[in-house]
Number of protein chains: 2
Amino acid sequence: MESKTAVTALGALAHATRLEIFRLLVRAGAAGLSVGKIAEALVIEANGRLSFHLKELVAAGLAVARQEGRFIYYSTDYTAMNELLRYLTEDCCGGQPCGEAVDLCQPEICP
Amino acid sequence: MESKTAVTALGALAHATRLEIFRLLVRAGAAGLSVGKIAEALVIEANGRLSFHLKELVAAGLAVARQEGRFIYYSTDYTAMNELLRYLTEDCCGGQPCGEAVDLCQPEICP
DNA sequence: TCCATATTTCAATAATCGTTGAAATATTAT
DNA sequence: ATAATATTTCAACGATTATTGAAATATGGA
């Protein structure tokens with residue numbers, strides 16, 4: 001992962017609303033949630049601002065959007081998430097055995 | 001961890017220089033590095049800006065500073081780092097078994 | 001004490017980011 | 001086609017964050 005990519009992703013997460021959206025999507029799993037459901041869960045309005053925040057998460061590579069009927073479902077890009085976490089912790093303590101940067105979330109093995 | 005704390009930490013990391021400082025400190029382990037060594041490793045100047053960035057990392061709780069003689073050593077707060085990573089991945093996939101938010105770095109068990 | 005090294009503080013300016021509200025687009029049902 | 005629901009786009013303004021350079025502080029050695 002490039003530094004610039006990580007900075008963009010971290011910048012996207014460094015915002016109260018976007019961070020909670022991200023965490024909500026992480027919890028939601030691979031199926032994701034529609035914009036309306038996201039707004040409902042976070043008790044905010046499904047307006048232009050939410051739309052903008054979701055776009056930021058997608059632009060940062062942390063989420064993906066897919067259209068289904070008249071709904072748009074957003075979901076976490078778990079690969080990107082794990083890459084970011086690995087980038088942050090890479091070669092921890094000079095590579096000494098003190099914990100490993102495992103994949104924190106592997107939705108492919110979810111039931 | 002509170003949302004606000006996480007936003008502050010992520011904001012501190014969402015900057016190219018600070019992110020590389022953080023990663024350098026993660027690699028350096030609990031002993032940390034002096035400001036001069038950090039500047040040397042990243043090929044930047046040990047000036048007011050570096051000082052500012054280091055202060056930001058400390059203010060965000062991601063690093064700690066300790067004075068030793070005329071040097072100031074900065075090191076990662078691994079507990080804060082792990083808390084942040086856990087906050088980001090909490091209850092992944094609705095809590096289904098798909099990877100666990102283990103401590104990524106445990107400097108207390110480093111040689 | 002005086003000097004060199006190490007690091008920080010401060011103020012001004014430039015750049016980026018966030019919010020608001022209204023209008024626009026897209027999809028589905030009647 | 002019309003209406004209803006779902007979501008996005010845009011522009012203007014205000015707020016926050018970054019950079020620069022110079023001066024200030026602190027520590028240890030000669």
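By convention in this document, chain letters (A, B, ...) are assigned in the order of the sequence lines, proteins followed by strands, and residues within each chain are numbered from 1.
Annotation: proximity of residues 43-68 of chain B to DNA chain C (heavy atom, distance under 4.0 Å) is found for B:Ala46, B:Asn47, B:Gly48, B:Ser51, B:Lys55, numbered in ascending order. A heavy-atom distance below 4.0 Å to DNA chain C is reached by these residues of residues 1-19 of chain A, ordered by number: A:His15, A:Arg18.
Contact annotation: the side chain of B:Leu88 never approaches that of A:Met81 to less than 4.5 Å [non-hydrogen atoms, C-beta and beyond].
Out of D:dT27, C:dA29, C:dT8, the shortest distance to the side chain of B:Arg70 is found at D:dT27.
Under 4.0 angstrom from either OP1 or OP2 of C:dT7 there lies no side-chain N or O belonging to B:Tyr73.
Counting to the nearest Å, the C1' atom of C:dT9 and the CD1 atom of B:Ile72 are 13 Å from each other. Rounded to an integer number of Å, the gap from CZ of A:Phe71 to P of D:dT7 is 6 Å. At whole-Å resolution of the value, CG in B:Leu33 and P in C:dA6 are 15 Å apart.
Proximity of a side-chain donor or acceptor of B:Thr8 to a complementary backbone N or O of B:Ala60 within less than 3.5 Å is not detected. Side-chain N or O atoms of B:Asn82 include none that pairs as donor or acceptor with a backbone N or O of B:Leu85 at under 3.5 Å. No donor-acceptor pair closer than 3.5 Å links the side chain of A:Arg27 to the backbone N or O of B:Asp91. At distances below 3.5 Å, not a single donor-acceptor pair connects side-chain atoms of B:Ser75 with backbone N or O atoms of B:Gly32. Of the possible donor and acceptor atoms, one in the side chain of A:Tyr78 sits under 3.5 Å from a partner among the backbone N and O of A:Val26. The main-chain N or O of B:Lys37 is found under 3.5 Å from a side-chain atom of B:Ser34 such that the two form a donor-acceptor pair.
Ionic pairing of B:Arg23 and B:Glu20 is present here: one or more N-O contacts between side-chain nitrogen and carboxylate oxygen are shorter than 4.0 angstrom.
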